[in-house]
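As structure tokens, the structure follows; a few thoughts come after it.
Throughout, residue positions are numbered sequentially from 1 according to the sequence presented.
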Amino acid sequence: RKMVALLGNTLFYPGCVLQRKLEKLTANYELLLKQLGVNFITSKDIQCCGAPMLYAGYRDDFNEHQEKVLAALKKNNVKHIITACPSCARMFSEEYGIKAQHVTQVIADNLKKLKKDYMGEKICYHDPCELGRKLGVYDEPREILKKVGFEVIEFDESKKNAMCCGAGGLLKANSPRAADKIALLRLKQSRARKIITTCPLCYMHLKKNAENTGIEVLELSEVLI
């Protein structure tokens with residue numbers, strides 16, 4: 001059977017957090033996708049998926065913003081989006097009607113090309129709420145981590161029962177103390193000295209709260225490059 005070519009561009013969209021605060025991780029993923037042989041474009045025309053605006057209840061403002069994003073996607077002939085942000089993946093799929101994948105789904109399709117070997121090092125994998133409960137992506141990150149040699153030690157609460165890091169749903173913005181307390185509770189649940197996650201917001205929030213705990217928090221790209 002002949003493969004039907006996707007008539008348009010694949011955009012790698014890192015998400016606002018990576019673009020504005022975690023530029024090194026953006027570079028990591030761009031390099032990794034190239035190493036895996038994934039053809040993609042980047043564009044500064046698409047600034048934000050609009051999730052924070054919509055989560056805060058500003059539907060009219062989001063609708064106006066959405067039109068600008070759709071125009072930018074059309075300008076760049078984007079038919080497929082790969083993103084490092086779970087919220088962005090869901091937003092582009094549900095609100096924009098465009099094929100969108102979290103980067104772990106793309107990496108998992110190219111497992112044989114991963115070269116790292118961590119020789120059975122033990123880590124805990126933290127399931128982001130949006131990636132897990134909203135998008136149903138549980139297996140792919142674990143497959144990637146196991147492929148590069150990690151022994152994945154599960155939290156007692158994992159996958160669909162995983163505890164939130166505390167930063168999601170605008171809680172960190174509105175109730176930072178409560179958000180920090182939740183992060184510390186999650187860190188205490190870790191059964192390894194390293195935690196790896198696949199959401200930039202989870203990564204930043206857990207990393208900040210892990211400073212005096214002896215636990216190292218890593219984002220997936222940091223162990224693949």
Side-chain angles (χ1 to χ4, degrees), residues 6 8-23 25-26 29 40-106 126-138 140-141 159-183 186 197-206 208 219:
L6 194 66
N9 292 320
T10 293
L11 171 74
F12 173 62
Y13 176 71
C16 292
V17 176
L18 260 70
Q19 284 190 139
R20 298 173 185 176
K21 295 185 177 182
L22 301 170
E23 294 92 342
L25 303 189
T26 298
Y29 278 120
F40 64 92
I41 66 166
T42 59
S43 174
K44 296 190 181 298
D45 293 332
I46 298 97
Q47 294 296 314
C48 178
C49 70
M53 201 181 301
L54 191 59
Y55 292 169
Y58 296 100
R59 168 58 79 168
D60 290 342
D61 291 314
F62 170 75
N63 290 341
E64 184 178 333
H65 175 77
Q66 184 185 42
E67 291 302 317
K68 295 176 182 177
V69 175
L70 286 169
L73 293 171
K74 183 177 181 181
K75 173 186 171 183
N76 289 275
N77 193 26
V78 174
K79 301 298 183 183
H80 175 211
I81 293 174
I82 300 169
T83 178
C85 175
S87 292
C88 292
R90 186 172 69 83
M91 285 291 292
F92 282 120
S93 293
E94 295 181 2
E95 296 292 335
Y96 293 83
I98 189 167
K99 181 183 178 184
Q101 290 179 290
H102 188 260
V103 68
T104 55
Q105 296 172 289
V106 177
H126 169 75
D127 288 283
C129 295
E130 288 269 1
L131 189 62
R133 283 187 282 269
K134 296 293 180 64
L135 294 177
V137 177
Y138 296 112
E140 290 89 333
K159 297 188 177 181
K160 67 179 181 181
N161 295 318
M163 183 177 176
C164 177
C165 74
L170 301 182
L171 182 64
K172 180 176 171 60
N174 293 308
S175 301
R177 288 185 182 179
D180 287 346
K181 286 181 180 180
I182 293 170
R186 185 57 167 164
T197 190
T198 46
C199 167
L201 201 58
C202 293
Y203 166 68
M204 287 183 64
H205 189 55
L206 289 173
K208 171 183 172 290
E219 197 276 338

Problem - Contacts of type salt bridge (Lys or Arg N to Asp or Glu O under 4.0 Å), residue Glu95, not counting sequence neighbours - result: Arg59
Handout entry: From Ser87 atom OG to Leu54 atom CG, the distance as rounded to the nearest 0.5 Å
Key = 11.0 Å
Completion exercise
Sorted by chain and residue number, the side-chain contact (heavy atoms from CB on, under 4.5 Å) partners of Ile41 (sequence neighbours excluded) come out as Asn9, Leu11, Asn76, Val78
Handout entry: Straight-line distance of Cys165 SG to Tyr203 OH, nearest 0.5 Å
Key = 13.5 Å
Problem - Ala56: side-chain contact (heavy atoms from CB on, under 4.5 Å) partners, not counting sequence neighbours - result: Tyr58, Leu170
Exercise for the section: Evaluate the ring planes of Tyr29 and Phe12, with Trp represented by its six-membered ring, and classify them as parallel (under 30°), tilted (30 to 60°) or perpendicular (over 60°). Expected result: tilted
Handout entry: Distance-minimising heavy-atom pair for Pro200 and Cys85
Key = CD-CA, 4.2 Å
Practice task
Would you please say whether a donor-acceptor pair under 3.5 Å links the side chains of Thr10 and His80?
Solution key: yes
Practice task
Evaluate whether atom CD of Glu64 has more than 12 neighbouring non-hydrogen atoms of other residues, nucleotides or ligands under 6.0 angstrom away.
Solution key: no
Exercise for the section: Kindly give the heavy-atom pair with the smallest separation between Pro86 and Leu135, and that separation in Å. Expected result: O-CD1, 3.7 Å
Completion exercise
Closest non-hydrogen contact found for Leu18 with Ala84 is CD2-CB, 3.8 Å
Exercise for the section: Could I get the full list of side-chain contact (heavy atoms from CB on, under 4.5 Å) partners for Ala72, not counting sequence neighbours? Expected result: Asp45, Ile46
Handout entry: Residues in side-chain hydrogen bond (donor to acceptor under 3.5 Å, both in side chains) contact with Thr104, at least two apart in sequence or another chain
Key = His102
Exercise for the section: Applying salt bridge (Lys or Arg N to Asp or Glu O under 4.0 Å), name anything that partners Glu130, two or more places apart in sequence or on another chain. Expected result: Arg90
Practice task
Could you pull out all residues at least two apart from Gln19 that satisfy side-chain hydrogen bond (donor to acceptor under 3.5 Å, both in side chains)?
Solution key: none
Exercise for the section: Sequence neighbours left out, what passes side-chain hydrogen bond (donor to acceptor under 3.5 Å, both in side chains) with Thr198? Give chain and number order. Expected result: Tyr125
Problem - Partner residues of Lys68 under the salt bridge (Lys or Arg N to Asp or Glu O under 4.0 Å) criterion, sequence neighbours left out - result: none
Practice task
Work out which heavy atom in Ala162 is nearest to a heavy atom in Arg186; give both atom names and the distance.
Solution key: CB-NH2, 3.8 Å
Problem - Lys208 with Asp180: basic N within carboxylate O range, under 4.0 Å - result: yes
Fill in the blank from the handout: Residue set satisfying ring-ring contact (aromatic ring centres under 6.0 Å, His included) with Tyr13, at least two apart, ordered chain then number -> Phe92
Handout entry: Heavy-atom closest contact (His205 atom, Ala179 atom, distance)
Key = NE2-O, 2.9 Å
Practice task
Look up atom CG in Asn161 and atom CE in Met163, then write down how far apart they are to the nearest 0.5 Å.
Solution key: 13.0 Å
Problem - Under the side-chain contact (heavy atoms from CB on, under 4.5 Å) test, residues paired with Met204 that sit two or more places apart - result: Val17, Lys21, Leu22
